[in-house]
2 protein chains.
Amino acid sequence: MPPTPPTERRRRPSGRITLQDVAREAEVSPITASRALRGERGVAAELVARVKAAAARLGYVPDPAARALASARGTQVPVLVPLLSNALFVDVIEAVHRVLLPHGLQPLIGVTHYDPMEEEQLLRSYLAQRPAGVLLTGFDRTEAARQLVAASGIPCVYLMELTDAPGVHCVGFSQQDAGHAITQHLIERGRRRIAFIAAQLDPRVLQRAEGYRRCLRAAGLYDARLELLSPQPSSMRLGGELLEDLLRTRPEVDAVFFCNDDLAQGGLLAALRLGVAVPQRIAVAGFNDLSGSDQMLPPLTTVRTPRRAIGEVGAGMLLSLLRDEPLARSSADLGFELVVRGSS
Amino acid sequence: MPPTPPTERRRRPSGRITLQDVAREAEVSPITASRALRGERGVAAELVARVKAAAARLGYVPDPAARALASARGTQVPVLVPLLSNALFVDVIEAVHRVLLPHGLQPLIGVTHYDPMEEEQLLRSYLAQRPAGVLLTGFDRTEAARQLVAASGIPCVYLMELTDAPGVHCVGFSQQDAGHAITQHLIERGRRRIAFIAAQLDPRVLQRAEGYRRCLRAAGLYDARLELLSPQPSSMRLGGELLEDLLRTRPEVDAVFFCNDDLAQGGLLAALRLGVAVPQRIAVAGFNDLSGSDQMLPPLTTVRTPRRAIGEVGAGMLLSLLRDEPLARSSADLGFELVVRGSS
DNA sequence: CTGAAAGCGCTTACAG
DNA sequence: CTGAAAGCGCTTACAG
């Protein structure tokens with residue numbers, strides 16, 4: 001007897017296996033197949049099993065475009081970050097991918113270059129695609145962007161910063177407290193003339209600056225002339241240059257808090273080059289605990305920030321929102337950790 | 001007289017502005033509007049102008065899902081890279097975004113973690129979405145993955161490596177020649193016992209190794225005992241550890257070619273820590289010219305690789321493919337550049 | 001050069 | 001708990 005396929009498998013012109021094919025194979029209607037596959041409750045267990053088996057047998061892959069068109073919402077999740085060249089955000093993004101992909105959600109990376117206008121543009125075009133949800137960095141955006149998000153009704157989780165505003169879902173840590181903590185550490189090490197060197201000057205850097213000021217003021221040690229703020233993008237080179245500037249113009253300085261590890265690493269290397277002893281002559285601290293900071297000479301004291309966890313928890317929160325699950329908390333403070341190494 | 005809108009703007013239940021609305025506003029049929037907006041030739045210039053004006057006035061944003069469903073192909077462009085934590089690929093990705101987004105194409109970042117199986121999985125799910133095109137890293141993949149790409153008929157451009165295989169579109173540079181060139185440089189600096197330290201051992205690293213061997217063999221200087229290959233992921237820490245190993249077990253070494261700058265930076269810092277003079281005692285060279293290499297002590301000699309250009313040219317090539325434009329070349333060799341600094 | 005018809009593959013109400 | 005009908009917003013042939 002010649003072998004016959006379990007059922008007649010007619011392929012449509014496109015060659016694609018559709019929900020119809022699955023339904024036919026399982027001998028149910030397409031709607032039931034759709035419901036079974038999506039795990040909608042209220043389908044007889046036996047039918048669910050039959051449909052799932054049929055789908056597996058045929059190698060059915062749902063068409064996201066058709067789903068997006070038919071339902072109110074697609075499977076994309078725009079993730080807007082300032083920069084990809086900052087390892088910080090790459091870590092966040094990797095974590096987001098890891099959580100979202102297994103749930104059939106597709107992260108869409110958008111880069112704003114720290115420009116609220118650019119973010120607004122991106123948001124406009126992404127929201128027009130009716131994404132499932134949105135992940136945004138921080139709270140600093142144009143009024144129009146805020147409106148767009150609100151009007152869309154699309155679930156949104158904010159990363160990196162925290163707020164108490166009701167109904168706002170966010171996951172991060174207190175940038176200000178972290179800036180305070182590392183400054184406090186330098187004071188406890190006996191430092192008195194503590195400088196702050198920063199670049200980029202995005203909102204989170206300014207929050208760290210605020211923590212630095214609050215701490216030094218409380219200790220009666222604040223001196224505005226020890227703040228070196230550059231709007232240029234952060235880099236090791238710039239860190240070295242700014243440290244040189246500082247040592248020349250404020251020779252009395254005995255510690256430096258760099259707002260980011262790349263600046264601090266550059267500072268450490270410049271100190272080495274100039275023969276400035278760290279931590280004897282000046283103590284050095286960074287922020288974020290980026291790759292390489294533990295390899296410096298001396299190893300860099302810094303603040304370890306929970307960026308992977310931010311991505312994971314943020315994506316998880318969005319997932320709950322999409323499922324209308326009750327949230328344990330709408331604002332997740334993931335904290336930070338002081339990492340004391342040889343440079344302070 | 002009360003103000004009246006230019007035409008009656010009835011919104012559909014979804015609230016969305018559709019092609020229909022634009023067509024009505026421009027007083028043409030939806031098909032003509034569609035053609036005008038997509039810049040399909042064969043539409044009267046006047047109508048095109050009218051449609052575009054109407055679209056702008058209404059703030060029309062086309063629905064990618066509907067477009068994808070109706071046409072054979074969507075607007076997504078999966079970009080598969082091994083790792084996001086390697087700055088190399090982040091640069092490639094940023095360049096790809098810059099080129100693709102203005103053309104209405106949406107890059108989808110996929111991370112394979114150097115695992116062909118993982119790549120195959122990603123490919124399977126991405127191709128089921130009928131993307132407009134695909135960007136893949138290198139040529140090392142499973143047979144099934146190869147088949148998937150071929151069977152899909154979806155335009156594909158390969159990044160980072162080159163091949164002469166007909167009909168294959170690729171953009172990169174010769175990893176082997178680059179490995180050869182930096183080794184040659186070390187020979188020309190008078191070095192005779194040149195080691196190779198590598199991690200990750202992905203296909204491109206192995207190609208660089210081949211260039212290193214070819215060069216040393218030609219000079220009669222090859223010594224297999226000077227190769228240190230570790231399958232671990234690349235990092236500064238590992239670079240330092242491997243250099244220490246090397247100095248202990250092969251004290252006769254007088255130069256090291258690290259397969260990547262992060263390893264080399266770690267090596268340089270380890271040398272500093274150990275009091276090993278660079279370049280007097282050993283010359284050090286890296287690969288890729290990553291951020292920070294110019295800040296090292298001494299600054300790192302390396303090979304600058306054209307990763308931004310690879311992203312740009314690769315995306316541009318895909319764009320041409322999508323438009324059925326004739327390609328100037330199907331294989332673009334973007335070359336590399338020796339950057340000689342203090343470490344050699 | 002322009003348009004009327006049909007359909008892409010799925011899901012949302014609406015019935016039973 | 002299951003299904004027949006209609007439609008999401010666009011584009012692809014097919015006519016004229």
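Predicted model only: the values in this text are computed from it and were never measured.
Not one side-chain nitrogen or oxygen of B:Ser34 sits closer than 4.0 Å to the OP1 or OP2 atom of D:dC10. A sub-4.0 Å separation between OP1 or OP2 of D:dT2 and a side-chain N or O of A:Thr32 is absent.
Counting non-hydrogen atoms under 4.0 angstrom, A:Arg35 reaches a base of the nucleic acid.
For A:Pro30 and B:Leu69, each mapped to the nucleotide of DNA chain C holding its nearest heavy atom, the one lying further toward the 5' end belongs to B:Leu69. Mapped onto DNA chain C by nearest heavy atom, A:Ala66 and B:Ser29 fall at different nucleotides, with B:Ser29 at the one closer to the 5' end.
Between B:Tyr158 and B:Met317, every side-chain heavy-atom pair lies at or beyond the 4.5 Å cut-off. With contacts defined as side-chain heavy-atom distances shorter than 4.5 Å, the pair A:Thr137/A:Val79 does not qualify. No side-chain heavy atom of A:Val134 sits under 4.5 Å from any side-chain heavy atom of A:Leu80. Residues A:Leu84 and B:His97 form no side-chain contact, since every pair of their non-hydrogen atoms from C-beta on lies 4.5 Å or further apart. With contacts defined as side-chain heavy-atom distances shorter than 4.5 Å, the pair B:Thr163/B:Ser331 does not qualify.
Distance CG (B:Leu47) to C1' (C:dG3): 12 Å, rounded to an integer number of Å. Distance CD (B:Glu27) to C1' (C:dT2): 15 Å, rounded to an integer number of Å. Rounded to whole Å, the distance from OH on A:Tyr60 to P on C:dG9 is 10 Å. Between the CG atom of A:Leu19 and the P atom of D:dC8 there is a distance of 20 Å, given to the nearest Å. In this structure, B:Arg50 places its CZ atom 13 Å from C1' of C:dC1, rounding to the nearest Å. Counting to the nearest Å, the C1' atom of C:dC8 and the CD atom of A:Gln20 are 12 Å from each other. B:Arg38 has its CZ atom 17 Å from the P atom of D:dG9, to the nearest Å. Rounded to whole Å, atom C1' of C:dT12 lies 11 Å from atom CD1 of A:Ile31.
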Intra- and inter-strand pairing of DNA chain D, written as dot-bracket with Watson-Crick and G-U pairs under 3.5 Å and | for the latter, reads |||.||||||||.|||
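Comparing atom distances between the B:Asp63 side chain and each of D:dG9, C:dG9, C:dC10 picks out D:dG9 as nearest. For B:Arg130, the side-chain atoms get nearest to C:dG9 when compared with the rest of D:dT11, C:dT12, C:dG9.
Between the side chain of A:Asp21 and the main chain of A:Thr18, a donor-acceptor pair closer than 3.5 Å is present.
Within the structure, salt bridge (charged side-chain N to carboxylate O under 4.0 Å, His left out) contacts touching residues 95-117 of chain B (residues at least two apart or in different chains) are B:Arg98-B:Glu312.
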